[in-house]
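One structure below.
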Amino acid sequence: MRRDRGGEGGRARSRVPLRRSLLGRLLGVSALVAACSVAATAWLAVQTTSGAIKQEQGQNLTADARIYDTLLGYAARHSAWDGVDATVRELAEQSGRRIALTTQNRQLLADSATAATPPALPPEASAVVDPLSVDTVLAARSTEGQGTAADRIDPRAVGPFLLPAAERAALRRTADRNAECLNRVGIAADVVVGPSGRPRVQMVGNDPERALGTRCDPADLDAPTRTEKKALTALNELADACLKRQDRAGVRLNRDLSWGDEVAVPAPAPLPDPRPSDARQAAPAPEAVPPRELTGEDDRAIASCVGTARSEQLSSYVASPALLFIGDEGGATVPGFDLSPANTAKIAGAAALVLALTVGASVLAGARLVRPLHALTGAAQRMRDGEEHASVPVSGDDEIGRLAAAFNDMSAHRARLEEQRKAMVSDVAHELRTPLSNIRGWLEAAQDGLADPDPAFVSSLLEEAVQLQHIIDDLQDLAAADAGVLRLHPEPVRIGELLSQVAAAHQARAETAGVTLTVVAGADPVLHADPVRLRQAVGNLVSNAVRHTPAGGRVTLSAYGGGGEPDAGSGSGEVVIEVADTGTGIPAGDLPYVFDRFWRAEKSRSRRTGGSGLGLAIVRKLAEAHGGTASATSTEGEGSVFTLRLPTADPAP
């Protein structure tokens with residue numbers, strides 16, 4: 001009764017700390033994770049809301065690009081920043097932002113700040129306004145104007161290419177006539193005026209080749225005007241000077257700044273021809289020298305020089321580079337965002353709700369987690385108290401479910417071991433009782449005068465004593481092997497010689513049973529092993545084979561290297577010893593248990609088959625002590641083969 005009360009008290013004492021510890025830690029971790037998650041979510045919500053408000057107030061790429069493009073156009077059309085204040089204030093009113101322009105030395109040019117003492121400008125400018133070096137990310141470039149697609153000069157910076165009113169009017173009249181002509185033939189066309197004042201005819205649609213078959217030829221609009229020729233000549237000279245510095249020939253620039261043939265060096269004036277006029281007329285004209293084709297490197301050099309020449313030509317017509325600052329009136333580069341008390345309360349309420357839901361879910365999860373652990377704890381305590389085996393229900397395939405399944409397997413295995421232990425005690429008692437009963441019976445008969453102590457009497461007692469000693473020795477060997485104290489004395493052993501010794505020792509018994517015992521002649525591998533223990537293991541196999549082989553049968557001993565064939569030598573890392581018989585064989589259902597202790601296929605414990613059921617168990621233990629294995633194969637009615645595989649290396653101590 002005291003033990004039962006202690007068991008119940010132990011269960012009560014262990015249940016509370018387990019529940020508190022596991023559930024408390026689970027709740028604590030869950031609350032910490034929930035608090036961190038809520039804080040991170042709230043911070044992300046504030047940042048996301050701030051970003052949305054910033055975009056709504058104009059902090060986006062489109063608004064910045066519009067401000068930048070407007071100021072870039074002003075710089076392209078004016079040689080200085082004088083008078084830009086009105087443009088800056090107008091842009092500030094439209095965007096609700098603070099816009100400031102400074103020189104590259106941060107001297108203020110214009111500022112839309114309304115405060116008497118405006119805040120300091122940020123250390124980094126939003127952009128650099130330079131019509132000769134446009135920021136292609138902020139500026140939406142137009143394909144109309146001077147320069148190529150890769151040119152970074154603003155198309156509104158025309159400089160000396162700006163047409164006067166007279167040339168502009170003449171070109172406009174020509175453009176209007178061409179547009180009217182195209183419209184009459186059914187081709188929609190409009191007149192578009194570029195930044196320099198030059199008009200061009202733009203046909204509606206994507207097929208400009210339609211006008212080629214009409215009389216409306218816009219070629220008269222392609223010829224450069226007097227102003228454009230003068231500016232183009234100056235630009236050509238600057239480009240040629242750049243090319244000359246690179247030891248390259250000059251080029252001839254067209255109105256659209258494309259280049260054609262190289263500039264030919266003027267030939268000297270021809271000398272007067274003394275021949276008659278008719279001879280001069282018959283003389284063949286000199287052949288024209290074809291222009292040299294330009295390579296890719298030439299084109300790159302020309303493009304670079306043209307760009308440099310354009311920057312040099314336009315530098316006096318555009319405003320100098322300026323730093324652009326876009327921010328709010330408070331001095332920040334982006335509009336600020338402050339949480340109102342109402343918004344703060346909403347975020348706090350949402351955080352508290354999330355925290356409550358998390359704690360509630362953690363409580364439910366913790367209860368479901370602790371419930372199967374209670375069942376496992378109770379089952380383990382019942383096993384400790386010696387109660388009968390009871391399995392734990394497996395609720396799922398999660399970690400707890402797998403733990404319950406493993407516990408059930410362990411409990412079932414423990415129950416099997418307990419049954420084997422009880423059976424072993426019973427078998428040991430039976431095996432010891434039989435020889436002791438025989439010895440006691442013969443001694444009592446001698447004491448009562450019913451038996452004479454003649455040599456046959458003494459021989460019978462000695463046989464029973466030897467049987468008893470054999471059982472005790474087997475049990476002692478198994479106990480030593482289980483405890484890991486089975487001592488080996490390894491030395492080089494010739495397996496062929498060892499098999500011959502075992503065969504000689506069992507030859508008399510085999511002849512008595514009418515069984516032929518042979519050793520297969522072949523290679524004699526050498527093994528580093530304990531010869532006494534190895535003879536014991538092989539002897540047990542031979543004794544077992546002779547015992548289960550009927551008269552006229554055969555038992556064969558053989559040994560070879562681990563290559564799988566006899567006579568393979570011993571260089572393969574292991575030696576294989578086989579004991580084969582032509583006996584009754586072992587049923588397939590019994591084969592996995594032949595090396596178990598006290599297991600015998602014949603349950604009658606007949607003295608005819610003999611044995612204590614420990615011989616094969618000792619064989620397996622001795623093989624494992626040498627670092628090897630023991631196995632068996634059998635065909636019922638044909639015989640069995642028992643195999644020992646032993647490594648050639650020195651077995652571990």
Side-chain angles (χ1 to χ4, degrees), residues 43-145 151-158 193-195 317-340 342-343:
W43 181 82
L44 289 175
V46 171
Q47 296 299 318
T48 304
T49 306
S50 300
I53 293 178
K54 292 170 187 176
Q55 289 183 355
E56 298 234 344
Q57 292 180 349
Q59 183 60 25
N60 52 54
L61 187 59
T62 303
D64 289 348
R66 183 173 57 83
I67 296 172
Y68 174 79
D69 187 68
T70 302
L71 295 176
L72 192 65
Y74 184 93
R77 292 188 297 266
H78 298 80
S79 60
W81 289 106
D82 300 337
V84 76
D85 297 84
T87 303
V88 169
R89 294 187 183 280
E90 181 181 358
L91 291 173
E93 291 176 0
Q94 293 174 356
S95 62
R97 311 285 297 283
R98 178 193 178 187
I99 302 174
L101 277 175
T102 69
T103 63
Q104 291 186 323
N105 295 329
R106 301 180 73 89
Q107 295 180 357
L108 192 63
L109 297 174
D111 192 353
S112 65
T114 57
T117 304
L121 296 175
E124 295 291 335
S126 302
V128 178
V129 182
D130 185 3
L132 301 183
S133 180
V134 176
D135 188 342
T136 56
V137 176
L138 292 175
R141 299 296 305 275
S142 173
T143 57
E144 171 60 26
D151 197 353
R152 293 186 62 186
I153 297 177
D154 190 273
R156 292 166 290 190
V158 294
V193 180
Y317 293 90
V318 299
S320 58
L323 301 180
L324 172 63
F325 297 87
I326 303 176
D328 61 2
E329 291 294 338
T333 57
V334 293
F337 173 68
D338 295 327
L339 281 177
S340 63
N343 289 333

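Every value quoted in this text rests on a predicted model; they were computed, and no experiment measured them.
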Legend entry - Rounded distance (nearest 0.5 Å) linking atom CG of Asp85 with atom CG of Leu109: 8.5 Å
Legend entry - Pairwise distance OG1(Thr70) to CD(Glu90) - rounded to 0.5 angstrom: 8.5 Å
Legend entry - Minimum heavy-atom distance Pro118-Ala113, with the two atoms named: CB-CB, 3.6 Å
Inset, instruction - Work out which heavy atom in Asp82 is nearest to a heavy atom in Tyr74; give both atom names and the distance. - result: O-OH, 2.5 Å
Inset, instruction - Heavy atoms only: give me the nearest Gln104-Pro321 pair and the separation to one decimal. - result: NE2-CB, 3.6 Å
Inset, instruction - Starting at OH of Tyr317, measure out to OG of Ser79 and round the result to the nearest 0.5 Å. - result: 10.5 Å
Legend entry - Arg106 side chain near Leu121 side chain, heavy-atom distance below 4.5 Å: yes
Inset, instruction - Using a 4.5 Å cut-off on heavy atoms from C-beta on, say whether the side chain of Leu91 contacts that of Arg66. - result: yes
Legend entry - For Arg156, all residues meeting side chain to side chain donor-acceptor pair (under 3.5 Å), sequence neighbours excluded: Asp69, Asp154
Inset, instruction - Check the pair Ser95 / Ile67 against side chain to side chain contact (heavy atoms under 4.5 Å, CB included), numbers first and verdict last. - result: CA-CA 9 Å; Ser95 62; Ile67 296 172; 4.0 Å; yes
Legend entry - Pro131 side chain reached by Ile153 side chain, heavy atoms, under 4.5 Å: no
Legend entry - side-chain contact (heavy atoms from CB on, under 4.5 Å) partners of Val88, counting only residues at least two apart: Leu71, Val84, Ile99, Leu101, Ala110, Ser112
Inset, instruction - Enter the distance from Asn105:CG to Leu108:CG here, rounded to the nearest 0.5 Å. - result: 13.0 Å
Inset, instruction - Might you point out which heavy atoms bring Trp81 and Ala75 nearest each other, and give the distance in Å? - result: CH2-CB, 3.4 Å
Inset, instruction - Specify the closest pair of heavy atoms between Ser133 and Tyr68, including all atoms of both residues, with the distance to one decimal. - result: O-OH, 4.5 Å
Inset, instruction - Quick one: which residue pairs count as a salt bridge (Lys or Arg N to Asp or Glu O under 4.0 Å) with a foot in residues 112-121, not counting sequence neighbours? - result: none
Inset, instruction - Could you tell me the separation between the CD1 atom of Ile326 and the CZ atom of Arg98, rounded to the nearest 0.5 Å? - result: 12.0 Å
